[in-house]
Amino acid sequence: MDSESESFDLSGPLHLTYVLWDDPYHRMSVTASLVQGVYILERDRQEKREGPDALAPPWWKFFHFQLLRPLVDDVDSSIFGAVYEFKPPSSQDNDTLYRSPRYVIAFRGTLTKSDSVSRDIALDIHFIRQGLHQTSRGDIAIQAVRNMVATVGDSNVWLAGHSLGSAMAMLTGKTMAKSGMFLKSFLFNPPFVSAPIERIKDEKVKHGIRFMGSVITAGLTLAMQAKQPKDLSVDPFAALAAWVPCLFVNPSDHICSEYIGYFEHRRKMDEIGAGVIERLATQNSLGGLLMSAFGKESEPLHLIPSASVTVNVGPTHDFKDAHGIHQWWKPDLRLEHKLYNYK
């Protein structure tokens with residue numbers, strides 16, 4: 001991350017001088033900026049930039065947020081998250097303020113700098129192995145969210161994250177949803193553990209691969225249930241259905257693009273009468289099933305029942321652009337939006 005991308009005056013959404021909180025683009029841009037603020041908080045710490053030299057504050061102050069406290073990893077002392085409070089000026093006359101958050105808890109993704117990269121990559125691996133919930137950073141994030149919700153209520157707290165930070169927000173959001181508290185969540189380029197099937201251009205081949213994958217996953221799920229009977233009247237996936245996080249994905253980013261196929265494939269399976277197969281496949285992963293077969297606990301965070309999916313269909317220069325947080329506040333975005341509800 002170079003100094004130009006870190007400076008709000010050079011790369012921030014300066015055009016958003018007036019935020020309408022009922023405008024999806026405005027909400028997306030502001031929450032993405034707050035996530036960027038966490039990245040720059042950690043870069044300020046690494047570069048020992050303090051006081052007037054710090055670059056992070058404009059990323060939240062421009063939108064009238066205050067930093068309540070950073071969230072610090074207990075392993076490498078890096079800043080991985082932040083708790084913000086929205087403090088609009090009393091003079092601000094905006095009839096959409098009732099839709100604004102009171103607090104936003106944001107999480108950054110992986111930083112490829114020597115001070116934090118080893119810990120971040122280790123957590124990336126934990127996510128791939130479906131064990132992010134077993135890490136101390138995950139515990140710190142969950143506790144921070146629980147404490148804030150207990151103090152101000154779930155309707156007053158928003159979650160936001162990018163890349164690994166999206167996985168952290170997914171972990172905390174799913175944890176709260178299991179307790180019946182559904183936090184508004186903005187997940188930018190959330191990682192999806194899968195082969196990049198979405199990059200296949202031939203739709204028939206792509207659908208065939210997904211169909212076979214669903215059949216295999218559903219079959220293994222049934223076999224596991226036969227060995228380890230569960231109360232089938234309880235559907236933990238359905239219990240999460242009321243939580244509808246906002247996902248922001250780019251089809252040129254293989255880390256998150258599978259979410260497009262994940263939800264569309266489920267819809268197609270319902271259309272061809274294979275919904276029963278897909279209901280089993282959509283809430284289990286082959287990796288998780290194999291780990292369970294060997295007696296290891298796993299939590300496939302990337303599998304969720306419902307979502308509001310926004311896809312950036314505009315041109316991207318390279319993977320860095322497609323996966324970057326900066327794309328989500330550009331003024332000339334070409335976006336497609338779909339809502340997927342689990343039924």
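Just so you know, these numbers use all the heavy atoms, side chains as well, and skip hydrogens, waters and symmetry mates.
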Criterion side-chain hydrogen bond (donor to acceptor under 3.5 Å, both in side chains) on D74 and S136, from CA distance to verdict: CA-CA 7 Å; D74 62 342; S136 59; 2.7 Å; yes
W243 side chain vs L183 backbone, donor-acceptor pair below 3.5 Å: yes
Residue pair T310 / C246, side-chain heavy-atom distance below 4.5 Å: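 Side-chain contact under 4.5 Å: no.
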Between F319 and H254, ring centroids under 6.0 Å: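 Between H254 and F319, which both carry aromatic rings, the centre distance is below 6.0 Å.
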Heavy-atom side-chain proximity of N312 to L335 below 4.5 angstrom: yes
Nearest-0.5 Å distance, CD1 of residue I325 to CD of residue Q327: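 That separation rounds to 8.0 Å.
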Minimum heavy-atom distance between P191 and S166, given as atom pair plus value: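 So the two residues come closest at CD-CB, 4.3 Å.
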Audit row: F86, W21, ring pair (Phe, Tyr, Trp, His ring centres under 6.0 Å) steps and yes/no: CA-CA 12 Å; F86 183 49; W21 287 101; 5.4 Å; yes
Charged N-O contact under 4.0 Å between R119 and D76: no
Mutual orientation of the aromatic rings belonging to F62 and F8 [parallel < 30°, tilted 30-60°, perpendicular > 60°]: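 The rings of F62 and F8 sit tilted, inter-plane angle from 30° to 60°.
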Full working for side-chain contact (heavy atoms from CB on, under 4.5 Å) between T96 and D23: CA-CA 9 Å; T96 70; D23 185 308; over 6 Å; no
Distance in Å, L34 CG paired with H162 NE2, rounded so as to fall on 0.5 Å steps: 14.5 Å
Spacing of SG belonging to C256 relative to NE2 belonging to H323, to within rounding of 0.5 Å: 7.5 Å
Validation row: F63, L16 side chains within 4.5 angstrom (heavy atoms):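 Contact flag for F63/L16 side chains = yes.
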R45 with E50: basic N within carboxylate O range, under 4.0 Å: no
Inter- and intrachain pairs under salt bridge (charged side-chain N to carboxylate O under 4.0 Å, His left out), touching residues 134-147, at least two apart: D73-R137, D120-R137
Exam field: side chain D154 to backbone M181, donor-acceptor pair closer than 3.5 Å: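 Looks like no, no N/O pair under 3.5 Å.
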Residue among T151, V149, V83, V104 satisfying side-chain contact (heavy atoms from CB on, under 4.5 Å) with V157: V149
Nearest-0.5 Å distance that lies between atom CG in L187 and atom CG in L247: 5.0 Å
Side chains of L159 and T172 in contact at under 4.5 Å (non-hydrogen atoms):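 A side-chain contact exists here, since the closest heavy-atom pair is under 4.5 Å.
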Any H26 side-chain heavy atom under 4.5 Å of S29 side chain: no
More than 12 heavy atoms from other groups under 6.0 Å of NE2 on H317: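 Open.
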Verdict with reasoning, R49 to I40, per side-chain contact (heavy atoms from CB on, under 4.5 Å): CA-CA 10 Å; R49 298 186 298 231; I40 313 306; 4.2 Å; yes
Side-chain heavy-atom pair I260, P251 within 4.5 angstrom cut-off: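 With C-beta onward as the side chain, the pair touches.
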Side-chain touch L67/L41, heavy atoms, less than 4.5 angstrom: yes
Shortest non-hydrogen separation from A241 to S306 and the atoms involved: O-OG, 2.9 Å
P101 side chain reached by F65 side chain, heavy atoms, under 4.5 Å: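 Yes; the side chains approach each other to less than 4.5 Å.
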Sequence-distant partners of F182, ring-ring contact (aromatic ring centres under 6.0 Å, His included), two or more places apart: none
Which atom of D253 lies closest to which atom of A322, heavy atoms considered: CB-O, 3.6 Å
Transitive ILVMFWY side-chain link I304 to L339, under 4.5 Å: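 In one cluster: no.
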Side-chain (E42) to main-chain (I79) donor-acceptor, under 3.5 angstrom: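 Confirmed, E42 side chain pairs with I79 backbone.
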Y84 ring center within less than 6.0 Å of Y103 ring center: no
Donor-acceptor contact below 3.5 Å, side chain Q66 vs main chain W60: no
Heavy-atom closest pair, residues D9 and L14: O-CD1, 3.3 Å
A144 versus R69, closest heavy-atom pair with distance: CB-NH2, 3.6 Å
V313 with V249, same ILVMFWY side-chain cluster at under 4.5 Å: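 Yes; tracing contacts between hydrophobic side chains, which count when under 4.5 Å, links both residues.
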Separation between OG1 of T316 and CG of N250, rounded to the nearest 0.5 Å: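 That separation rounds to 5.0 Å.
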Within one Ile-Leu-Val-Met-Phe-Trp-Tyr cluster: L123 and V75, side-chain cutoff 4.5 Å: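 They do not share one cluster, since no chain of ILVMFWY contacts under 4.5 Å joins L123 to V75.
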Shortest non-hydrogen separation from S11 to H326 and the atoms involved: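 The answer is OG-NE2, 3.7 Å.
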For Y25, all residues meeting ring-ring contact (aromatic ring centres under 6.0 Å, His included), sequence neighbours excluded: none
ILVMFWY network linking I121 to I255, side-chain heavy atoms under 4.5 angstrom: no
Residue pair F188, T31: steps toward the side-chain contact (heavy atoms from CB on, under 4.5 Å) verdict: CA-CA 9 Å; F188 300 95; T31 50; 3.4 Å; yes
Joint hydrophobic cluster, V309 plus V244, side-chain heavy atoms closer than 4.5 Å: no
Test log, rule side-chain contact (heavy atoms from CB on, under 4.5 Å), inputs H64 and K87: CA-CA 6 Å; H64 306 297; K87 303 283 280 188; 5.7 Å; no
Partner of Y340 under ring pair (Phe, Tyr, Trp, His ring centres under 6.0 Å), chosen from F263, Y262, Y259: F263
Straight-line distance of S308 OG to F248 CZ, nearest 0.5 Å: 7.0 Å
